[in-house]
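Before any comments, here is the structure.
Only this structure's heavy atoms are used, side chains among them; waters, hydrogens and symmetry mates stay out. Chain identifiers are assigned alphabetically (A, B, ...) following the order of the sequence lines, protein sequences preceding nucleic acid strands; residue numbering begins at 1 within each chain.
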2 protein chains.
Amino acid sequence: MQQNLTREEKRQQKLDVILRNAAKAFMERGYYKTSLDDIASMQNVTKPTLYYYIKNKEDILVKCEEVTCGRINAMLDEVMAKNISGYEMLYQFIMRYIGIIIDDVARCHVRHRGQMEDEMLRAQSIKNHKDIENRVREIIRRGIGDGSIRNCNSTILAILLFDSLNGLTSWYKADGKVDQNELTDEVLALVGSGVCRT
Amino acid sequence: MQQNLTREEKRQQKLDVILRNAAKAFMERGYYKTSLDDIASMQNVTKPTLYYYIKNKEDILVKCEEVTCGRINAMLDEVMAKNISGYEMLYQFIMRYIGIIIDDVARCHVRHRGQMEDEMLRAQSIKNHKDIENRVREIIRRGIGDGSIRNCNSTILAILLFDSLNGLTSWYKADGKVDQNELTDEVLALVGSGVCRT
DNA sequence: TTATATTGTTACCGAATAGTAACATATTTT
DNA sequence: AAAATATGTTACTATTCGGTAACAATATAA
């Protein structure tokens, strides 16, 4: 039994490594410029071996999405269960969202979501994001309801918020010049109070 | 002479149509899933004919970028020449930027900038955007200087601003449900005052 | 009208690459 | 130890597609 578990764990670990390496390569070189041979050689195996862990190339994107959306939704479960104002919820969501998407697998998901060639998978991917977006809209509406957030179009605000947060994935490097805390502070200040002085 | 001009004009017009159709296809199906045969058949010509107007596939991206960056810089020239506060400049920039990037060629540029395979072209593309970003940073700094914009990190603010504005290109459809004026108002309200009520 | 430049076509090449079939080896279970 | 399962490899297929050479037609200029 324990050996079975170990085998299963090994398998899961190998899948994780494949996802992480593939995601990194997709972000650096792009999805179509990264061949399965490239990905395979990163794990020191050959291409057919990958097919033991993934269904096909596109399945890598799907699996990156599953992992990332799982994390985001779990975080939203936590944040939305708290007994705090809508604005405070939004604040905490932003803070923790930045923490989640600074990760190759998450960045890969953000960049490629809704771009699967398979129609069913593409529809599912779009739905996954819409669901998350709707939960954030719910937070915004709560904030408007309890008076902590200025009255606004929650749909547009949620989209603008995700655009700027997801945009981070294409330039922010955890080891770069910009400190994560400073970045988070600037985002929170901008979203909270805008740029106007008066 | 007049015939020469007409020929030259015809040529330019055909190139414009190629760019517009290619840009639209790239946005709908993606760059790699759109073949040159696809693009050629949209203009009712064959693939080799395209090579009379473009150097190669990547050159389409380059030309979309030239057109778009030209428009943005011309707009910045105008806005920055005015005798108004930094905040008012930023306000006008945002308003007119939204007008510019709601266009297939501009959307294509935004989505594919910095992704050329040719190293030189990629570097040039990155530089083009950095230059524009720096001009917006200059506006922000002026606003901080004249007291119209809250003291903040102009680098991060400029990036966040472009992320949310460029993000529009992937969801906003001019003929969709969201009115351009309402969208612009929401963006300006968010950037100006944030979401916080107090 | 004749020469020249422009615009277009057909037919093809070469390279890349996703995915598979058949076969080999290691590991676990009985 | 034997059977079964999991993991991996080599070799190959099929297809797509960017780009080009050679050739044809058309418009412009001399």
What's the OH-P distance between B/Tyr52 and D/dG19, to the nearest Å? 19 Å
Starting at atom CD of A/Glu117, determine the distance to atom P of C/dT17, rounded to an integer number of angstrom. 14 Å
Under 4.0 angstrom, heavy atoms only, what part of the nucleic acid is B/Lys33 near: base, sugar-phosphate, or nothing? nothing
Under 4.0 angstrom between B/Arg11 side-chain N/O and C/dT7 OP1 or OP2: yes
Rounded to whole angstroms, how far apart are OH on B/Tyr32 and P on C/dA15? 19 Å
Please list, pair by pair, any protein nitrogen or oxygen found under 3.5 Å from a nitrogen or oxygen in nucleotides 9-12 of chain C.
| residue | atom | partner | partner atom | Å |
| --- | --- | --- | --- | --- |
| C/dT9 | OP2 | B/Thr46 | N | 2.9 |
| C/dT9 | OP2 | B/Thr46 | OG1 | 2.6 |
| C/dT9 | OP2 | B/Thr49 | OG1 | 2.5 |

So, does B/Tyr51 get its side chain near the phosphate of D/dG19, meaning an N or O under 4.0 Å from OP1 or OP2? yes
side-chain contact (heavy atoms from CB on, under 4.5 Å) against A/Lys173, all qualifying residues, sequence neighbours excluded: A/Arg107, A/Asp175
Whole angstroms only, please: what is the CD-C1' distance between B/Glu8 and C/dA5? 13 Å
Write down the distance between NZ (A/Lys57) and P (C/dG19), rounded to a whole number of angstrom. 8 Å
Going by ring-ring contact (aromatic ring centres under 6.0 Å, His included), name the residues that satisfy it together with B/Tyr91, two or more places apart in sequence or in a different chain. none
Salt-bridge present (A/Glu78, A/Arg96; N to O < 4.0 Å): yes
Spacing of A/Gln12 atom CD relative to D/dA6 atom P, expressed in whole Å: 16 Å
Think B/Lys14 has a side-chain N or O under 4.0 angstrom from the OP1 or OP2 of C/dT6? no
Looking at C/dG8, I'd like to know if its phosphate oxygens (OP1 or OP2) sit under 4.0 Å from a side-chain N or O belonging to B/Tyr53. yes
Sidechain-backbone polar pair: B/Arg111 side chain, B/Met27 backbone, donor-acceptor under 3.5 Å: yes
Under 3.5 Å donor-acceptor pairs involving side-chain atoms of residues 65-74 of chain B, not counting sequence neighbours:
| residue | atom | partner | partner atom | Å |
| --- | --- | --- | --- | --- |
| B/Glu65 | OE1 | B/His109 | ND1 | 3.3 |
| B/Glu65 | OE1 | B/Ser125 | OG | 2.8 |
| B/Glu65 | OE2 | B/Ser125 | OG | 3.2 |
| B/Glu65 | OE2 | B/Asn128 | ND2 | 2.8 |
| B/Thr68 | OG1 | B/Cys64 | O | 2.8 |
| B/Asn73 | OD1 | B/Arg135 | NH1 | 3.0 |
| B/Asn73 | ND2 | B/Cys69 | O | 3.2 |

Rounding to an integer number of Å, can you tell me how far A/Leu50 CG sits from D/dT7 C1'? 13 Å
Any residue meeting salt bridge (charged side-chain N to carboxylate O under 4.0 Å, His left out) with B/Arg29, in chain and number order, not counting sequence neighbours: B/Asp38
Donor-acceptor pairs under 3.5 angstrom involving side-chain atoms of residues 183-195 of chain B: please list them, not counting sequence neighbours.
| residue | atom | partner | partner atom | Å |
| --- | --- | --- | --- | --- |
| B/Thr184 | OG1 | B/Gln180 | O | 2.7 |
| B/Glu186 | OE2 | A/Asn153 | N | 3.1 |

Roughly, in whole Å, what's the span from CD1 in B/Ile60 to C1' in D/dG19? 13 Å
